[in-house]
Structures are given as structure tokens and as C-alpha cells.
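Scope of the values below: all heavy atoms of this structure, side chains included, with no hydrogens, waters or symmetry mates. Labels below follow one simple rule: chain letters A, B, ... track the order of the sequence lines, proteins then strands, and each chain is numbered from 1. Predicted model, so just to flag it, every value in this text is computed and none were measured.
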Number of protein chains: 2
Amino acid sequence: MPKNINFDKIAHQPAYRVVSEKIRNAILSGEIKTGELLPTETDLAEQFGVTRSTIREAIRLLEHGGILGRADRKRLVVTKPQTDAIGRSVSSALLMHQVTYEELWQVAMGLEPLASKLACTTATKQDKQLLAANLVLTREVMNDHDALLAAEIEFHDLLAKATHNSALLLARAPLNELFYPVAWGEIIRALSPGERILVAHEHIYAAICDNNPDKAEEWMKKHMVDFRRGIEMGNLGFDQPVPVTP
Amino acid sequence: MPKNINFDKIAHQPAYRVVSEKIRNAILSGEIKTGELLPTETDLAEQFGVTRSTIREAIRLLEHGGILGRADRKRLVVTKPQTDAIGRSVSSALLMHQVTYEELWQVAMGLEPLASKLACTTATKQDKQLLAANLVLTREVMNDHDALLAAEIEFHDLLAKATHNSALLLARAPLNELFYPVAWGEIIRALSPGERILVAHEHIYAAICDNNPDKAEEWMKKHMVDFRRGIEMGNLGFDQPVPVTP
DNA sequence: TATTGACCTATTGTCGGACAATAAGTCAAT
DNA sequence: ATTGACTTATTGTCCGACAATAGGTCAATA
């Protein structure tokens, strides 16, 4: 038996990780501000005392998280990660966990009514205008499946944006990315529920304009329950994993 | 004025992106299964017809999302992204958006009561045992601020895991990562609310064992409202951005 | 004046080769 | 069954090179 001495596992990080962390910290701590250009690769290589290849690997590591983007396709720039950028990572993760419609719906049930409620007090005039425009659009494309799907997704997205809550936006990113496109897509093709969708959206919109959080929340709940029924009636099993569709 | 002909912006992707996408698709489509080793860098370079450097950059791109990890610190292996891996990306994003306590609390209000409710029907014996053990631990470390904080965070984490809903786990990752550590940390140091925390946790646990979703949800809501009051009473403003603490 | 063109420069994307460090495997010795 | 010595495969890092191109400057042109 070994003595009961325990050494900590020593943490030998490869250089590209170390560099990546340092850059990440510099960005998060505000040392390099959003919108600023990152030094050129050659500069960085010199500063950190490593080769350009190493720097490049470090940069790639950050690029995926959306912290770094490119201004004009050449120089790298520090960016606020947009929800869709981060959403892709999350979606990949969920797909690999074989997330089911049921699971996503449960999250939607937690977040979407909340978004409706919050939007009542936070929505600006512009937010409301965008929502109104979306309603008009929805009515127009009622019979075009693809366009209707896009409009439906946009409505929920606009609503979430109207909360001006970035945490909420990020938390519901997978809904935009995975859930609605696939699930609503199926439902719309199978049941043509355009009218029902529009009615729900209109009530939610009205509630927001009336500054009536309870009503907004309530209608969104109804809308989501309706949605669930749609899935159940369609051929797609509610407890099935969401299929991979690139 | 230019003629109203519009060409699509041509999408010239650098090779490392293309390669990264191809590997990503191969993984998501199940062509390479979870747990399998990725071919060696030299192999990949040959297969794709690019240099090893390019392959490496492509790999780094995926590594950040947690799709790739390493089995034994050498060969790369395909992994299911764990919540903490993805959580770090999301947290970075939120920090850069200067997310406030208020925003995170709102999300918590949407997700945590939901988790409590769901856990009632999904928690296994083992889940309950873990929760019970956590309660014992909490009682023991009641006066040790750091340990209490850790136990409190663990309780919520265990609860979320008991739902066996990966979408929910991922959505609430930033709470674990950002919100609780910082906010609870402050509250615990300032108010020593150990007793109140324990009582709430015990009620939630009891509700789960009784299979009483409404009660579980209700107590979690109370718990979160309590939490909010704690923040408001402490010196940290509720509408302040969460500080960057690496 | 505003667009075009020619030119130069800085920076990224990609290549190829090189070598050290180190997991992993093999086989013999204890 | 563990240790040790040896070999091999693979990653981490370095160096140097070059093509492609975005950006800037400045003159020529309509």
C-alpha cells in the first residue's frame, strides 16, 4: 500500500493555453477594450516570447468563443460575443448530449413566459415597433411555410431582446438555434397553425403595449402549451432527440 | 447610382475554418463517436491535404467548445462537452456584456424553481442521496463561510442535475459560474444567513422526497426572493455589473 | 470633384521541415 | 508483480519562407 501522502496533480499547461488565458484576462479585465484591434501576430509573438504558430493557436482558442472577431477580415478585433456565436457552441454541446424536444420545451417553458413578463416593463418604443412590424409580416406570409417559420422565430427573438437582459438572451440561445427551427418547422408543415400563432402573438404584443405583465406571461404560456400539443400531434415524438441538421 | 444588381458576399473561408467545420460535422453526425480517438495530427494533415499547422489551428477552434478533450494529455478524444467547459465560454460572454446581478437573478428566477419542480418527478435514489449528503455537509460547515458557499452552490447544482435535463443544465451554467460564487459570497460574508439557507434547502429536499412539485417550486421561489433581499441589503447594488474575478 | 489605376506596405494564411519532450508499448531483469 | 531500460509514436514548439490581400498613398483621368 502506498503511504497516504498525496501530491497535487501538477498542471503543465501548453504554451498556447497559457497565452490564450493571458489574452482572455487582458480582454475581460478591460485592458484591451471592446472594439480595439489586437496587436498583430508578430507583435504578440515577440511580446510573449513564443513563435507565431503558438500565438495563432492561442487566438483560435478564443476566436471560437466569440471574444475575438475580425474587423475587416484581416486584423483581429475584440468583440462582444453575440448570442448566435455563443449559441452555436451551446447547440453543439446539446446535440452531443442528444437533447430531446421535451428537455428543450421545459427550458422554453421556464424562459419564454419570463421574457414576456419582463418585456412589459423594459420594452422601448423601438422594440414595440419591431414587434408590430413582425406581426404585419406574419400576417402577410401566413401561407408560406418557410417565411412563417422565420417570422415566428423572429417574434420570440425580438421579444427576448426587448427584455434587454443579456443573460436571458444567452440562456435561450439554443431555443433559437435548435428548438424552434426544427420543431416549429415540423409543426407548421404538418398542421398549418398560422392563425393560432398569430392570435397568440397578437395577445402577447397587446399585453406588452398595455404594460400588463401577467397577461403577457399567461398568453405566452398558452402559446407554449399549444406548441407542445403541436409536437405531440405531429409525427415527431416528444421524447426523441433533436436530429442533427447542419 | 449603381444598378440594383446584388451579388452575395462571397464567403472565402480560411482553410482552418473549413477543416474545423468538417471535423465538427463528422463528430455531430456520429461519424466519429464520443470517446473515440481522433486520428493523429499528421494523419489528418494528410487526409485533408493541408499542413499540420493548419490542422492544429482547426483543432484549437473545436477544443474551446469542449467537443474535443484529451484522454491522457496526449491523443485527442471526442468528448461530450461538460457544462463547466461550455459554462466558461458563456460566462466570458456575459462578463463582456457587463451583465448585472439583476439580470442573472431574473434568469435564476426562471430556471431554479423550474428545476425544483422537475426534479420531483425525475430525481433518482442516488440524486436524493447526494442531496441528503449535501444537507448534512451544510449543517456541519454552517460557520465556515467558504465551505458554506461551496455547499450552497453544490445544492443547486445537484438539484439541477437531478432533473436530468441537459438543456436546463447548460442554460443555468452561468449561475453556477458567475452569479452564485460572487453574489452568495458577498451575502454570506455580510449576513451569515446559514440558518435561512439550510431551512430553505431542507424544505425543497423534503418536497422532492414527497414528490410534491408545487411545494418544491414554491420554496425555491422563496429561497430566491430571500437571496435577492440579501443582495439588496448588502453593499452590492443589484443593478451593478458582476465584477470580473478570475 | 470623384473615380480609377498603379504602387507599396503590413498582415494574415499556409507551407515545409525540424527537434525536444513525453506517453505508450515491449521486453528483459529482478 | 514490480521495476528498469529501450523504442516508437505523437504532440508541442520553433524557424523560416512565401503567396494573397486589405489598406494606404498618390498621380492620372473623366
- Item | Glu21(B) with Arg88(A): basic N within carboxylate O range, under 4.0 Å | yes
Taken to the nearest whole Å, CD/Gln13(B) to C1'/dT12(C) is 15 Å
Taken to the nearest whole Å, CD/Glu57(A) to P/dC15(D) is 15 Å
- prompt: How about Phe179(A) and Trp105(A): are their ring centroids closer than 6.0 Å?
  reply: no
To the nearest angstrom, the CD1-C1' distance between Ile59(A) and dG13(C) comes to 12 Å
Considering only heavy side-chain atoms of Arg56(B), the closest of dT11(D), dT12(C), dT14(C) is dT11(D)
Leu68(B) CG to dT11(D) C1', in whole Å, measures 15 Å
Numerically ordered, the residues 33-48 of chain A set in heavy-atom contact under 4.0 Å with DNA chain D is none
Item to complete: Check whether more than 12 heavy atoms from other residues, nucleotides or ligands sit under 6.0 Å from atom CD of Glu46(B), and answer yes or no.
Response: no
The nucleotide from dG13(C), dT13(D), dC15(C) with an atom nearest the side chain of Thr54(A) is dT13(D)
key: N/O (side chain, Tyr16(A)) to phosphate O (OP1/OP2, dT13(D)) under 4.0 Å   = no
Note to self: Using only modelled atom types and a 3.5 angstrom limit, is any donor from either the side chain of Arg70(B) or the base of dT11(D) paired with an acceptor on the other?
What the structure shows: no
Against the side chain of Thr51(A), the closest entry in dC14(D), dG13(C), dG12(D) is dC14(D)
When you check the side-chain N and O atoms of Arg52(A) and Thr42(A), is any donor under 3.5 Å from an acceptor?
no
Protein-nucleotides 22-25 of chain D N/O pairs under 3.5 Å:
residue : atom : partner  : partner atom : Å
dG23(D) : OP1  : Asp72(A) : OD2          : 2.6

Exercise for review: Test side-chain contact (heavy atoms from CB on, under 4.5 Å) on Met96(A) and Leu28(B) and set out the steps.
Suggested key: CA-CA 6 Å; Met96(A) 295 201 58; Leu28(B) 286 183; 3.5 Å; yes
Original post:
Taking the six-membered ring where the residue is Trp, are the ring centres of His97(A) and His164(B) under 6.0 Å apart?
Top reply: no
* Arg60(A) side-chain N/O to dG13(C) phosphate OP1/OP2 under 4.0 Å -> yes
Taken to the nearest whole Å, CG/Leu76(A) to C1'/dA10(C) is 15 Å
Ile55(A) atom CD1 is separated from dT12(C) atom P, nearest whole Å, by 11 Å
*For Glu102(A), does the CD atom sit with more than 12 other heavy atoms under 6.0 Å from it, leaving out its own atoms?*
yes
Counting just side-chain N and O atoms, does Ser53(A) come under 4.0 Å of either OP1 or OP2 of dC15(D)?
no
Examine the base of dG16(D) for any acceptor or donor lying under 3.5 Å from a partner atom in the side chain of Arg52(A), and report the outcome as yes or no.
no
Review point. Would you call the rings of His201(B) and Phe155(B) parallel, tilted or perpendicular if under 30° counts as parallel and over 60° as perpendicular?
Key: parallel
For the CD atom on Gln98(B), are there more than 12 heavy atoms of other groups (residues, nucleotides or ligands in this structure) within a distance under 6.0 Å? no
